[in-house]
Amino acid sequence: GQGVDEPLSATGFRQADAAGLFLSNVKFTHVFSSDLLRAKQTAAAILGKNKFCRDLEIKYDVRLRERKYGVAEGRPLADLKAMAKDAGEQCPSFTPSGGETLDEVRKRARDFFEFLCQLAVELEQKEYSKPGAPGRSSGTSGEHFVFPWTNHCSEAELSSDGSASSTILDANILVVSHGAYMRNWIGYFVSDLSCTLPTNLTKCQLSSVSPNTGVSHFIIKLENRNLLKPEITCVCLNQDSHL
């Protein structure tokens with residue numbers, strides 16, 4: 001939950017360092033993190049291992065906090081499951097007294113995602129308002145980013161961009177959040193925005209909570225700066241090879 005703001009454990013720090021090494025060749029343009037301590041420490045560890053952007057400012061956003069679990073905060077998962085069973089509900093959709101509903105979590109995720117889309121559009125507008133700026137179709141604008149998980153993706157999943165290891169992007173944004181929150185965000189991508197998923201992804205994998213420091217990669221296209229119809233491709237989901 002979000003009410004007990006515990007730091008990472010020793011294992012958590014090792015996982016964060018491993019994620020940092022895994023992402024060390026990825027040049028990020030922005031980093032956002034939940035303002036909860038464990039997420040802050042994870043984001044700092046990832047940037048600390050990065051070859052290009054160690055000094056990049058981490059911006060903390062309350063919209064990225066873990067789901068609020070009310071009376072179940074800080075208690076074992078078994079307690080939450082017992083509460084759900086007593087209420088005659090399934091655990092993932094159960095809302096303890098004082099907690100957030102799944103719809104409320106999804107609203108936070110939607111608000112933050114729309115903020116990111118607006119940020120990307122504003123970046124592009126600034127870039128192309130410069131005198132002599134090349135057109136997007138020329139392929140000379142933007143940065144080239146090296147992603148470490150191309151071996152985990154099929155050619156079909158990368159074909160819209162040619163290669164995940166050489167993609168021209170206006171922004172490459174690292175977001176550090178929490179398991180239940182991210183599962184809701186991904187659900188929003190799939191159900192509301194018709195996200196294209198990897199062909200080998202199972203329903204079980206789609207609904208599972210990411211392991212600690214699991215990496216998910218999404219390519220977002222905003223054709224003609226249209227914020228209402230983002231085209232979303234999931235390159236990988238809950239990637240954990242670094243662990």
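Remember, it's a predicted structure, so these values are computed and weren't measured experimentally.
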Gap between atom [atom2] of [Y] and atom [atom1] of [X] - 0.5 Å precision:
{"X": "Asn238", "Y": "Ser210", "atom1": "CG", "atom2": "OG", "result": "4.0 Å"}
{"X": "Phe94", "Y": "Leu80", "atom1": "CZ", "atom2": "CG", "result": "6.5 Å"}
{"X": "Glu66", "Y": "Gln2", "atom1": "CD", "atom2": "CD", "result": "8.5 Å"}
{"X": "Cys234", "Y": "Ile219", "atom1": "SG", "atom2": "CD1", "result": "9.5 Å"}
{"X": "Leu47", "Y": "Leu174", "atom1": "CG", "atom2": "CG", "result": "6.5 Å"}
{"X": "Thr29", "Y": "Asp170", "atom1": "OG1", "atom2": "CG", "result": "9.0 Å"}

*Pairs involving residues 180-193, ordered by first then second residue, that meet side chain to side chain donor-acceptor pair (under 3.5 Å) (sequence neighbours left out)*: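 For residues 180-193, and leaving out neighbouring residues, the side chain to side chain donor-acceptor pair (under 3.5 Å) pairs sorted by first residue read Arg106-Ser191.
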*Within residues 7-24 or reaching into it, pairs that qualify as side chain to side chain donor-acceptor pair (under 3.5 Å) - sequence neighbours excluded*: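 Residue pairs passing side chain to side chain donor-acceptor pair (under 3.5 Å), neighbours aside: Thr11-Arg14.
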Any donor-acceptor N/O pair, [X] side chain to [Y] backbone, under 3.5 Å:
{"X": "His30", "Y": "Leu119", "value": "no"}
{"X": "Asn224", "Y": "Asn226", "value": "no"}
{"X": "Asn50", "Y": "Cys53", "value": "yes"}

Test of understanding: clusters of I, L, V, M, F, W, Y form through side-chain heavy atoms closer than 4.5 Å, transitively. Do [X] and [Y] belong to the same one?
{"X": "Phe115", "Y": "Ile220", "answer": "yes"}
{"X": "Met182", "Y": "Leu197", "answer": "yes"}
{"X": "Ile58", "Y": "Phe13", "answer": "no"}
{"X": "Phe52", "Y": "Phe22", "answer": "no"}

Restricting to non-hydrogen atoms, name the atom on [X] and the atom on [Y] that form the minimum distance, rounded to 0.1 Å.
{"X": "Ala16", "Y": "Ala45", "answer": "CB-CB, 3.6 Å"}
{"X": "Thr95", "Y": "Glu100", "answer": "CG2-O, 3.5 Å"}
{"X": "Arg38", "Y": "Val4", "answer": "NH1-O, 3.7 Å"}
{"X": "Lys49", "Y": "Leu21", "answer": "CB-N, 3.8 Å"}
{"X": "Glu104", "Y": "Gly99", "answer": "OE1-O, 4.2 Å"}
{"X": "Val209", "Y": "Gly179", "answer": "CG1-CA, 3.6 Å"}

With side chains defined as the heavy atoms from C-beta onward, is the minimum distance between [X] and [Y] less than 4.5 Å?
{"X": "Val71", "Y": "Met83", "value": "yes"}
{"X": "Leu206", "Y": "Val190", "value": "yes"}
{"X": "Lys51", "Y": "Asn25", "value": "yes"}
{"X": "Cys236", "Y": "His217", "value": "yes"}
{"X": "Lys229", "Y": "Leu222", "value": "no"}
{"X": "Gln41", "Y": "Leu8", "value": "yes"}
{"X": "Leu102", "Y": "Ser93", "value": "yes"}
{"X": "Phe113", "Y": "Pro230", "value": "yes"}

Determine whether the side chains of [X] and [Y] contain a donor N or O and an acceptor N or O closer than 3.5 Å.
{"X": "Gln205", "Y": "Ser208", "result": "no"}
{"X": "Glu122", "Y": "Gln118", "result": "yes"}
{"X": "Gln239", "Y": "Ser241", "result": "yes"}
{"X": "Arg63", "Y": "Ser177", "result": "no"}
{"X": "Asn172", "Y": "Lys27", "result": "no"}

_Less than 4.0 angstrom from a charged side-chain N to a carboxylate O is my criterion; do Asp111 and Lys107 meet it?_
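The answer is yes: the pair qualifies as a salt bridge.
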*Heavy atoms of other groups near Lys40 NZ, more than 12 under 6.0 Å*: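 More than 12 within 6.0 Å, yes.
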*Using a cut-off of 6.0 Å, state whether more than 12 heavy atoms not belonging to Asp86 lie near its atom CG.*
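Yes.
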*For Asp61 and Asp35, run side chain to side chain contact (heavy atoms under 4.5 Å, CB included): C-alpha distance rounded to whole Å, both residues' side-chain angles, the deciding distance at 0.1 Å, then the answer.*
CA-CA 6 Å; Asp61 198 303; Asp35 65 339; over 6 Å; no
*Begin from the C-alpha positions of Arg65 and Leu36 and carry the test side chain to side chain contact (heavy atoms under 4.5 Å, CB included) through to its verdict.*
CA-CA 7 Å; Arg65 285 184 178 184; Leu36 297 179; 4.0 Å; yes
*Would you sort out whether Leu227 and Glu114 count as a side chain to side chain contact (heavy atoms under 4.5 Å, CB included), showing the intermediate values?*
CA-CA 8 Å; Leu227 296 172; Glu114 290 174 352; over 6 Å; no
*So Ile46 and Thr42, side chain to side chain contact (heavy atoms under 4.5 Å, CB included) or not? Walk me through it.*
CA-CA 6 Å; Ile46 291 173; Thr42 300; 4.0 Å; yes
_Checking Arg75 now: which residues fulfil salt bridge (Lys or Arg N to Asp or Glu O under 4.0 Å) with it, not counting sequence neighbours?_
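With sequence neighbours excluded, Arg75 shows a salt bridge (Lys or Arg N to Asp or Glu O under 4.0 Å) to Asp79, given in chain and number order.
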*Compute the centroid of each ring, for Tyr60 and then for Phe32, and state whether the two points are separated by less than 6.0 Å.*
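No, the ring of Tyr60 stays outside the 6.0 Å limit from the ring of Phe32, centre to centre.
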*Please name the residue in the list Thr233, Val175, Ile173, Ile186 that meets the side-chain contact (heavy atoms from CB on, under 4.5 Å) test with Phe218.*
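Exactly one pass, corresponding to Ile186.
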